[in-house]
Amino acid sequence: MTSSGGARFAFPEIACYRPAAAMRLRACLLVVSLVLPLAGCAPSIASINARPDKYYQHRVKIVGRIARMQFLPHGTLLEVTDGEGRRLLVRSVDPVEAETGDWVRIEGIFVPEVNVEDTTLYDVLAAERIVRRRAPRFLDLM
């Protein structure tokens, strides 16, 4: 038996079923409305370059492509770029399993300065973990 609102009643006073398609649509809209605002929260190379003081001594995760690598006696220095060519220096004390041109995800602490050999470098991401990954699907949205 159906009522005028489109709901089907199995037992007139006890249970009410909604159409399955409406439930799926409502659940999808709920998930999208909760997840979409969080998608832009992760820092990018552009946002770090724009306001580096905002990220000092904070743990950040970025995605970028290795443009240059320099192997040092006590670590590796990387220059990581995003799709637009913005650059960020990354220092890793652990060996890096990626090569120049690879896309990587880097987790670490963004520091205002670091001493590398006899040189002081400013605005450097001290990497704790570097993982190779595929290129982003929507490169223009980074």
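Remember, predicted model here, so these are calculated numbers, not experimental data.
Of all heavy-atom pairs between W103 and G83, the closest is CH2-N, 4.2 Å. The two residues L125 and G108 make their nearest non-hydrogen contact at CD1-C, 3.7 Å. Scanning both residues, R134 and R137, for their nearest heavy atoms gives NH2-NE, 3.3 Å. Here the closest heavy-atom approach between residue R129 and residue V131 is recorded as NE-CG2, 3.5 Å. Between F110 and V60, the shortest heavy-atom contact is CB-CG2, 4.4 Å.
In terms of the salt bridge (Lys or Arg N to Asp or Glu O under 4.0 Å) criterion, D123 has no residue partners (sequence neighbours excluded). With sequence neighbours excluded, the residues that form a side-chain contact (heavy atoms from CB on, under 4.5 Å) with A67 are E79, T81, R87. By the salt bridge (Lys or Arg N to Asp or Glu O under 4.0 Å) test, D53 pairs with R51, sequence neighbours left out. Every side chain to side chain donor-acceptor pair (under 3.5 Å) that T120 has, sequence neighbours left out, goes to N115. By the side-chain contact (heavy atoms from CB on, under 4.5 Å) test, E99 is found to be paired with D102, residues two or more places apart in sequence or in another chain being considered. Partners of R59 by salt bridge (Lys or Arg N to Asp or Glu O under 4.0 Å), not counting sequence neighbours, listed by chain and number: E128.
The shortest distance between side-chain heavy atoms of L77 and M69 does not fall below 4.5 Å.
The list of salt bridge (Lys or Arg N to Asp or Glu O under 4.0 Å) pairs with a residue in residues 110-121, not counting sequence neighbours, is empty.
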Taking distance alone, no hydrogens or angles, what donor-acceptor pairs closer than 3.5 Å link side-chain atoms of residues 88-97 to residues at least two apart or in another chain?
| from | atom 1 | to | atom 2 | distance (Å) |
| --- | --- | --- | --- | --- |
| S92 | OG | D94 | N | 3.4 |
| S92 | OG | D94 | O | 2.8 |

Please lay out, stage by stage, how V111 and Q57 fare under the test side-chain contact (heavy atoms from CB on, under 4.5 Å).
CA-CA 5 Å; V111 294; Q57 302 304 327; 3.9 Å; yes
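Atom CG of residue L78 and atom CZ of residue R68 lie 11.5 Å apart, to the nearest 0.5 angstrom.
Under the 4.5 Å side-chain heavy-atom criterion for grouping Ile, Leu, Val, Met, Phe, Trp and Tyr, I109 is connected to V116 within one hydrophobic cluster. Linking Ile, Leu, Val, Met, Phe, Trp and Tyr whenever their side-chain heavy atoms come within less than 4.5 Å leaves V104 and V124 in two separate clusters. Both Y56 and I45 are assigned to one and the same hydrophobic cluster, defined by single-linkage of ILVMFWY side chains at heavy-atom distances under 4.5 Å. The cluster map of Ile, Leu, Val, Met, Phe, Trp and Tyr, joined by side-chain heavy atoms under 4.5 Å apart, puts F71 and I130 in the same cluster. V80 is not connected to L121 by any chain of hydrophobic side-chain contacts under 4.5 Å among Ile, Leu, Val, Met, Phe, Trp and Tyr, and they are in different clusters.
Taking a 6.0 Å sphere around CZ of R133, one finds it holds more than 12 heavy atoms contributed by other residues, nucleotides or ligands.
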